[in-house]
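Following: one structure in structure tokens, then a few remarks.
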Amino acid sequence: MPRKLNLNVGINTTGYLPAAWKYRSGNRHDIYDPGYYKRLTELAHRGLFDAVFFSDHPALMTDPNSRPFHTIDPLILCTALAAQVPDIGFVATMSSTYNSPYNLARRTQSTDIVSGGRLIINIVSSFNPNVAANFGSAPLPSRSERYAKASEFLDVAKKLWASWDPSREGPVPNEQFWDAASAHAIDHVGDHFTVKGPLNVPRGPQGHPVVAQAGASEGGIELAARHGEIIYCNILSRPAGQAFGKKVRDRAARLGRDPKGIRIVPGVVVILGETKKEALRKHELFSGAGSEDGLIARFIKENGIDPDGFNPDAVLDAERFIPDPNRLQAVGMGLGLSDLLTHEKLTTRQVVRRSEGHHRLLLGTAEEVADALIDLWDDGTVDGYTLQPPRAPDDIEEFVDKVVPILQDRGVYRSRYEERTVRERYGLPFPAH
Ligand SMILES: Cc1cc2nc3c(=O)[nH]c(=O)nc-3n(C[C@H](O)[C@H](O)[C@H](O)COP(=O)(O)O)c2cc1C
């Protein structure tokens with residue numbers, strides 16, 4: 001089967017860019033209206049996306065000038081949407097630090113069965129202290145502790161997902177209801193979890209939900225290599241993308257895992273215009289910066305640079321932007337920029353037009369955007385993208401109407417849904433027991 005471009009689309013609240021809510025159609029109550037998410041999912045379905053994507057932090061953002069980005073629980077929402085919109089898949093972000101393996105394995109396997117094999121779970125270890133504060137008085141565990149727990153969490157979840165397999169049933173005597181030997185205890189005893197099992201939900205149509213992973217620190221790469229089937233990341237250029245993909249796949253091979261079971265699916269922010277100039281102007285508005293100077297001023301502030309005497313047209317030193325591996329925020333979010341500057345000599349004025357919200361920024365006409373999307377996909381640097389629209393529904397609708405037809409004309413994107421499960425759509429292997 002010819003290789004096709006995989007596309008997910010983020011549909012959190014009003015869209016990906018915090019300040020872009022001022023330029024969207026709709027009202028502020030959309031963010032907790034199930035009907036609104038149904039309309040977004042139907043729009044994504046019309047665009048034949050592989051899946052809609054929900055990032056998540058179980059904490060309310062309370063900045064009055066920005067929209068809360070995470071509201072209704074993603075797994076609940078995905079389950080409800082799966083009953084209303086056919087074909088399309090669902091990515092629910094869930095924390096391995098603030099969940100239990102048994103409950104998460106049960107809930108996700110249940111959604112995967114209910115949806116007919118359309119669930120992808122994006123396992124994050126959570127890095128936000130406001131999240132930690134909602135789960136007891138203990139501070140956020142260190143990154144290394146979080147990732148050690150995340151790895152064991154997924155080991156346990158996979159054992160549970162495979163623990164009851166009706167296909168293992170033998171002949172069932174008349175007086176018996178079922179062959180209980182088809183369900184095995186897992187008797188897991190580890191550093192972080194003790195779980196007997198079996199799971200009281202049987203194996204689903206995908207074996208288990210597809211496992212996505214975000215986070216690109218050392219711990220994030222290890223988790224991706226061990227368990228990640230779809231890697232959601234920040235890739236701003238070809239050399240950076242190839243280096244990232246090689247790093248994850250080489251680590252997977254060293255761990256005895258077939259790297260062919262890994263798809264690199266970075267985020268991408270697309271802002272379309274009838275002309276490049278129009279797209280540049282929309283970027284200045286949707287980012288909240290107001291102008292190119294505003295974008296530069298924001299960059300200086302976000303990176304703690306002394307504005308006095310700063311020259312936005314001087315080439316930036318990549319070393320200066322390598323994120324502290326122990327910083328609180330996601331290291332992966334910061335690595336995108338330092339990787340870009342490692343491979344390309346760029347000034348601030350150039351950089352602010354290459355990345356928005358830590359993701360690769362594509363500004364231009366539909367043709368130019370389609371060319372850029374195909375560019376990194378064609379040679380295998382990436383397997384697809386998670387489109388992060390500045391505004392929902394507006395930028396999703398524009399992408400579906402203007403960019404999808406070009407991708408289809410180029411023969412790189414589906415013209416109809418064919419495979420039943422998201423695992424099949426991504427060409428991922430069915431998990432062994
Ligand atoms: C592209 C991307 C998206 C992410 N989305 C989330 C998210 O929705 N929720 C979350 O808690 N962490 C998210 N993270 C952070 C990591 O998944 C994870 O929480 C980890 O603790 C920090 O990542 P790091 O390994 O890059 O430091 C994201 C990271 C990346 C690179």
* To do: Please check if atom CD in Glu302 has more than 12 non-hydrogen atoms from other residues, nucleotides or ligands closer than 6.0 Å.
  => yes
* To do: Give a yes or no on whether Arg28 atom CZ has more than 12 heavy-atom contacts from other residues, nucleotides or ligands under 6.0 Å away.
  => no
* To do: Could you walk me through whether His227 and Ile123 pass side chain to side chain contact (heavy atoms under 4.5 Å, CB included), step by step?
  => CA-CA 10 Å; His227 295 290; Ile123 292 292; over 6 Å; no
* Nearest-0.5 Å distance that lies between atom CD1 in Ile121 and atom OG1 in Thr93 -> 10.0 Å
* To do: Output the distance between atom CG (Leu363) and atom NZ (Lys276), rounded to the nearest 0.5 Å.
  => 6.0 Å
* For residues 257-300, pull every pair meeting ring pair (Phe, Tyr, Trp, His ring centres under 6.0 Å), keeping only residues two or more places apart or in separate chains. => Tyr23-Phe286, Phe299-Phe321
* To do: Return each pair, listed once, that meets ring pair (Phe, Tyr, Trp, His ring centres under 6.0 Å) where at least one residue sits in residues 70-129; pairs must be two or more places apart or across chains.
  => His57-His70, His57-Phe127, Tyr98-Phe135
* To do: Determine whether the side chains of His359 and Tyr232 contain a donor N or O and an acceptor N or O closer than 3.5 Å.
  => yes
* Asked: Have Asp379 and Thr381 got a donor and an acceptor in their side chains that come within less than 3.5 Å?
  -> yes
* Within 45° of the axis and under 6.0 Å from the centre of the six-membered ring of Phe69, does NZ or CZ of Arg67 qualify? -> yes
* To do: Provide the full list of salt bridge (Lys or Arg N to Asp or Glu O under 4.0 Å) pairs with a residue in residues 139-154, sequence neighbours left out, each pair given once.
  => none
* Taking the six-membered ring for Trp and the full ring for Phe, Tyr or His, determine whether the centres of Tyr36 and His29 are under 6.0 Å apart. => no
* Side-chain contact test, heavy atoms from C-beta onward, threshold under 4.5 Å: evaluate it for Thr365 versus Lys402 and give yes or no. => no
* Could you tell me whether Arg298 and Glu356 make a salt bridge, using a distance below 4.0 angstrom between a side-chain N and a carboxylate O? => yes
